[in-house]
Amino acid sequence: MTGSLPLRPRLRALRPEAFGADPSGARLERILRSPNFADGVFQNPVGARTRPSGSMLEFAKIYFHKEQRIRRNPGAPIPVYPTTLAELAKPPASGLRLTWMGHSSVLAEIDGRRVLFDPVWGERCSPFPFAGPKRLHPVPVPLASLGEVDVVVISHDHYDHLDLPTVKALAGTDTVFAVPLGVGAHLERWGVAPGRLRELDWNETTEVAGLSLTATPARHFCGRGLRNQQFTLWASWVVAGEEHRIFHSGDTGYFPGFKEIGAEHGPFDATMIQIGAYSEYWPDIHMTPEEGMRAHLDLQGGAPAGTMLPIHWGTFNLAPHPWDEPGEGTVAAAGAAGAAVALPIPGQPFEPGAPDAPAAPWWRPFVAGTTPLAGLTAPAGTGAAEPVPAPSAGIGEPEAVGS
């Protein structure tokens, strides 16, 4: 038909916006030149199985078992901390403050600058608004209430780390985006100007607002569409200011490279380490709490220094384990190692190393079959606190595995 597009462009035009875009042009040429790209895909620092292994029949029995499904959800609404604008506007006394917003989203205030890691404010981590893993708790703070952010850091392009509605909301600000190589194609499609992108390969560094940001290796994989071409990189991140250093793991399996990252860039005042959504069916791409603590110690040169903030848990149901198990495992691993861990309620700001840093296992009253403690609160739509209702099982949706 006269004037019609060739088949490939027409198919590309029909691609859902949430799938993002494939790298092309100069971006693709840079990917092909990367020392971490070989045989048509980005490679892990050590071998990793990126597909579930073992018997899928046995996995299905575990995943859909009624009692197991109940344990994957809290027994009552998870509380969020009613963070106020006044709290976020007051500079941290130490120069470093972290606010865990749930899952892997963290606002880091470091040496007078503000870094937002893996912001996911959407209701579901999915390409579709009507299906996919749904939040177990509301976002603690409206995105617009965070104020100015100097740089948004993305670890990789999975839906629970790179969220279309969140990026589109931030695209209207002046913030800079630091992303792994190839991820910039998604952001450009969603309205982020190329001049606001800092796209890095592993071990490359960029400077933003006086901060040094380095993309460091991780053991994971990528992909958003129906075809997983492995054309976008995944990364952990080191952020260094004049006085402080922090590390965000993104998603990763354990690997010896944590020691190398620590030797090159550490030690760190705080590490944000993935400790949830693990399974024996995908042991190479997500860490258990014990492995997460081992990574934290590696990053600190083998000593229990700094503060570890456990991330990638408690917000989305992405694996067969009970929703509270990552928290309990982290407490046990920290006790065995003599390491300091911070255990904030989602939205609760804290300064690593401060005597009042949250260290109590807040989640225990919200496990199915227990009664919430008086004084803990769940949020209203306006952010004001309300009493937590009585427990009721099954408030979440166990729809997806590993990401």
Side-chain angles (χ1 to χ4, degrees), residues 11-22 50-52 56-57 59-75 77-78 80 101-105 118-140 142-143 154-170 183 186-187 189-191 220-229 232 234 251 274 276-279 281-282 285-286 312-323 326 346 368 381 392-403:
L11 292 175
R12 189 179 297 121
L14 294 174
R15 178 175 178 163
E17 185 180 25
F19 284 5
D22 294 328
T50 60
R51 300 290 183 184
M56 289 299 98
L57 177 60
F59 174 79
K61 289 179 181 178
I62 295 171
Y63 194 74
F64 293 106
H65 187 271
K66 181 178 180 180
E67 183 176 340
Q68 295 290 335
R69 291 183 66 176
I70 291 174
R71 287 297 312 280
R72 288 199 294 273
N73 293 281
I78 296 174
V80 298
M101 299 297 179
H103 203 58
S104 296
S105 302
D118 284 357
V120 175
W121 259 249
E123 185 64 18
R124 297 178 185 269
C125 51
S126 164
F128 309 110
F130 53 84
K134 189 177 181 180
R135 284 184 168 275
L136 301 179
H137 65 80
V139 292
L143 190 62
I154 303 296
S155 64
H156 63 296
D157 70 358
H158 285 159
Y159 292 100
D160 56 325
H161 297 260
L162 180 63
D163 181 53
L164 169 62
T166 304
V167 170
K168 294 192 78 169
L170 291 167
V183 174
H186 301 314
L187 273 62
R189 182 181 182 189
W190 299 337
H220 200 56
F221 67 110
C222 67
R224 293 180 72 86
L226 298 177
R227 295 182 302 156
N228 186 1
Q229 294 183 297
T232 60
W234 48 95
D251 278 2
Q274 173 262 306
Y278 49 83
S279 172
Y281 291 93
W282 50 86
I285 56 173
H286 280 164
H312 203 264
W313 77 288
T315 301
F316 296 108
N317 192 332
L318 300 174
H321 60 64
W323 80 273
S392 59
I395 65 167
E397 300 182 24
E399 305 114 326
V401 296
S403 63

Do Asp251 and Ile285 come close enough that some side-chain heavy atom pair is under 4.5 Å? no
Compare every heavy atom of Tyr278 with every heavy atom of Ala319, then report the nearest pair and how far apart it is. CB-O, 3.6 Å
Would you call Asn317 and Pro133 a side-chain contact if the rule is heavy atoms closer than 4.5 Å? no
I need the Trp323 CH2 to Leu318 CG distance, nearest 0.5 Å. 14.0 Å
Indicate the atoms forming the closest heavy-atom contact of His286 with Gln274, along with that distance. CA-OE1, 3.5 Å
Would you please name every residue forming a side chain to side chain contact (heavy atoms under 4.5 Å, CB included) with Phe130, sequence neighbours left out? Phe128
I need the Tyr159 OH to Phe316 CZ distance, nearest 0.5 Å. 14.0 Å
Heavy-atom donor-acceptor pair, Ser126 side chain to Ala131 backbone, under 3.5 Å: yes
Angle between ring planes, His161 versus His312, binned at 30° and 60°: parallel, tilted or perpendicular? parallel
Regarding Thr315 and His137, do their side chains bring together a donor and an acceptor under 3.5 Å, going by distance alone? yes
Parallel, tilted or perpendicular for His186 and Trp190, by the 30°/60° rule? parallel
What are the two closest non-hydrogen atoms of Gly102 and Pro346, and how far apart are they? N-CB, 4.5 Å
Between Arg189 (side chain) and Ala18 (backbone), is there a donor-acceptor pair under 3.5 Å? no
Under 4.5 Å between any side-chain heavy atoms of Leu187 and Leu162, yes or no? yes
Rounded to the nearest 0.5 angstrom, the CG-NZ distance for Asn73 and Lys134 is 11.5 Å
Check whether Arg124 reaches the backbone of Pro129 with its side chain - one donor and one acceptor, N or O, closer than 3.5 Å. yes
Within-4.5 Å side-chain heavy-atom neighbours: Leu170 and Pro119: yes
When every non-hydrogen atom of Pro142 is compared with those of Trp121, the smallest separation belongs to C-NE1, 3.8 Å
Quick one: list whatever passes side-chain hydrogen bond (donor to acceptor under 3.5 Å, both in side chains) with Ser105, sequence neighbours left out. none
Could you check whether any side-chain N or O of His321 sits under 3.5 Å from a backbone N or O of Ser279, counting only pairs where one atom can act as donor and the other as acceptor? no
Once rounded to the nearest 0.5 Å, what's the spacing between atom OG1 of Thr232 and atom CD1 of Ile154? 12.0 Å
Go through the structure and list residues passing side-chain hydrogen bond (donor to acceptor under 3.5 Å, both in side chains) with Glu17, not counting sequence neighbours. Lys168
What is the distance from atom NE2 of His158 to atom CG of Asp118, rounded to the nearest 0.5 Å? 12.0 Å
